[in-house]
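What follows is a short report on a single structure.
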Amino acid sequence: VPGNSLKLAIDAGLQRYTAELLEDTLPTSDWGTSQVAAAVVMDPNTGEVLALVSIPTYDNNIWAESKIRSEELRALANDSATYALTNKALSSAAPGSTFKIVTSAAGLEEGSITPATSRYVGCELEVKGVNNELYKYKDWRCHNMVMDVRTALAWSSNVFMFLTAGGDLTTTRGLGDDIEESGAILAAWARRFGFGKTTGIDLYGEDPGRIPDPAWKKRTYVGPGYNAGDREWLLGDNYNTAIGQGDVLATPLQVARMTAAIANGGKLVTPHIVTEVISPHGEVVRKIEPEFQDVGLAQSTVRVIREGM
């Protein structure tokens, strides 16, 4: 009995072009040769996924021809270097500086910064801890300039984001009144942007990622090998989270969804591959309508972040 067909949002030409771009740039990265990559192209207003690329890829025909291509199939199954069978666009890793959009939005909404806040950013941030020991938190480069949040986004300043999220324990306030509250607030804003949970895309195998906060650390750092001090949420945890490092994990699809929320004015869309379900007689059985929820951003925040991007 003929079943229904699915009409996809995927643009085959764009999919091929995106894959070619990724494959061409893998060996020429400034950070060394890469073996894996992923890219997502999504309509920010509807959530329709126009391209979803995972590198390295493989030939689907191997399964249909498994009797004569058993060695290729075995190599794929045992690939522990690139895990080619894993969809990298739905797999989590540290989002890095892309996460600074969340930190900037949280700072603007919570008042730890304003659009006019300016700070001189050199090579690193020095903070004196409660034990009077001096801790140094480095930026990725020596900026040596005065920055506002727009400039900090454009230059991807670590130090500006450290101060926005966590303050410096003396003259600069973070997102909250203390270290733990700042961490909890930043995590809450990350979840508003869809991090730490699956996006709801109509595909199997999506990783939810991870957004750490003080409560998570207390639950996680327990058992043999850990002591009470390991469970304490530290200023460095806020700094790591602020730049998408440390215990933060996100998928490329989640990053695309966050970026779409800035592009469309503050809506967190549900990404989807299927646009229509069509009967064997060619009738549209179901049309997939856009779904979204409000992130809760002021339009002034959206505008400032767009200017920085």
Side-chain angles (χ1 to χ4, degrees), residues 6-23 25-26 34-58 60 82-105 187 189-212 241 243-275 288-295 297 305 309:
L6 301 178
K7 182 178 179 180
L8 307 184
I10 294 292
D11 181 317
L14 181 60
Q15 178 86 2
R16 284 193 295 270
Y17 176 70
T18 305
E20 289 168 2
L21 283 180
L22 285 182
E23 290 171 339
T25 57
L26 281 179
S34 301
Q35 292 183 292
V36 300
V40 179
V41 182
M42 184 174 71
D43 186 318
N45 294 307
T46 66
E48 292 182 1
V49 177
L50 308 177
L52 189 77
V53 176
S54 177
I55 302 292
T57 187
Y58 53 87
N60 286 325
T82 65
Y83 296 96
L85 293 177
T86 303
N87 190 335
K88 306 299 184 297
L90 306 182
S91 303
S92 61
S97 292
T98 60
F99 194 83
K100 291 171 182 174
I101 290 175
V102 173
T103 304
S104 299
W189 275 103
R191 294 185 185 106
R192 285 195 187 196
F193 276 96
F195 292 103
K197 56 187 175 184
T198 56
T199 66
I201 191 171
D202 44 358
L203 289 174
Y204 174 77
E206 182 183 10
D207 194 322
R210 180 174 64 211
I211 294 299
T241 303
I243 60 170
Q245 299 287 352
D247 291 309
V248 181
L249 293 174
T251 69
L253 182 60
Q254 288 173 327
V255 173
R257 195 183 186 205
M258 168 199 67
T259 309
I262 298 301
N264 66 30
K267 296 182 295 184
L268 190 66
V269 295
T270 299
H272 58 277
I273 299 288
V274 177
T275 59
I288 309 303
E289 300 293 341
E291 296 180 3
F292 60 87
Q293 59 196 68
D294 188 37
V295 177
L297 298 173
I305 294 176
M309 295 173 68

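- Judged by distance alone, the side chains of T275 and E48 never bring a donor and an acceptor atom under 3.5 Å apart.
- Using a 4.5 Å cut-off on side-chain heavy atoms (C-beta onward), N87 and L52 make contact.
- In this structure, CD1 on I262 lies 7.0 Å from CE on M309, to the nearest 0.5 angstrom.
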Audit row: V41, V49, side chain to side chain contact (heavy atoms under 4.5 Å, CB included) steps and yes/no: CA-CA 6 Å; V41 182; V49 177; over 6 Å; no

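- Between P271 and R257 the shortest side-chain heavy-atom distance falls below 4.5 Å.
- Residue V255 comes nearest to T259 through the heavy atom pair O-OG1, 2.8 Å, listed as atom of the first residue, atom of the second, then distance.
- No more than 12 heavy-atom neighbours from other residues, nucleotides or ligands sit within 6.0 angstrom of CZ on R16.
- Here the closest non-hydrogen pair linking G196 and I211 is N-CG1, 3.8 Å.
- In terms of heavy atoms, M42 sits closest to A260 at CE-CB, 3.7 Å.
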T251/E206 under side-chain hydrogen bond (donor to acceptor under 3.5 Å, both in side chains): CA gap, chis, key distance, verdict: CA-CA 8 Å; T251 69; E206 182 183 10; 5.1 Å; no

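- Proximity of a side-chain donor or acceptor of K267 to a complementary backbone N or O of P44 within less than 3.5 Å is not detected.
- Rounding to the nearest 0.5 angstrom, the gap separating the CZ atom in F193 from the CD1 atom in I101 is 7.5 Å.
- Minimum interatomic distance between G244 and P95 (heavy atoms only, all atoms of both residues): O-CD, 3.3 Å.
- Remark: D247 CG to T241 OG1 distance equals 7.5 Å, nearest 0.5 Å.
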L297 and I305: CA distance, side-chain angles, deciding distance, side chain to side chain contact (heavy atoms under 4.5 Å, CB included) verdict: CA-CA 11 Å; L297 298 173; I305 294 176; 5.7 Å; no

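- Taking 4.5 Å as the limit, some side-chain heavy atom of I201 sits within range of a side-chain heavy atom of I273.
- Test T198, T199, L253 against L90 for side-chain contact (heavy atoms from CB on, under 4.5 Å) and you get one pass: L253.
- At a threshold of 4.5 Å between non-hydrogen side-chain atoms, the residues V53 and Q15 count as touching.
- In this structure, the side chain of K88 does not engage the main chain of P252 through any donor-acceptor pair within 3.5 Å.
- Considering all non-hydrogen atoms of both residues, A38 and A89 come closest at CB-N, 3.6 Å.
- Residue E291 qualifies as open at atom CD: its count of foreign heavy atoms under 6.0 Å is 12 or below.
- Rounding to the nearest 0.5 Å gives a distance of 10.0 Å between CG of L85 and OG of S54.
- Minimum interatomic distance between A37 and L26 (heavy atoms only, all atoms of both residues): CB-CD2, 3.9 Å.
- Rounding to the nearest 0.5 Å places CZ of R192 at 8.5 Å from CG of D294.
- With a 6.0 Å radius and a threshold of 12 heavy atoms from other residues, nucleotides or ligands, K7 has its NZ atom at or below the threshold.
- Under the 3.5 Å distance criterion, the side-chain polar atoms of N264 are matched with a main-chain donor or acceptor of G266.
- Here the OG1 atom belonging to T46 is positioned 12.0 Å from the CD1 atom belonging to I288, to the nearest 0.5 angstrom.
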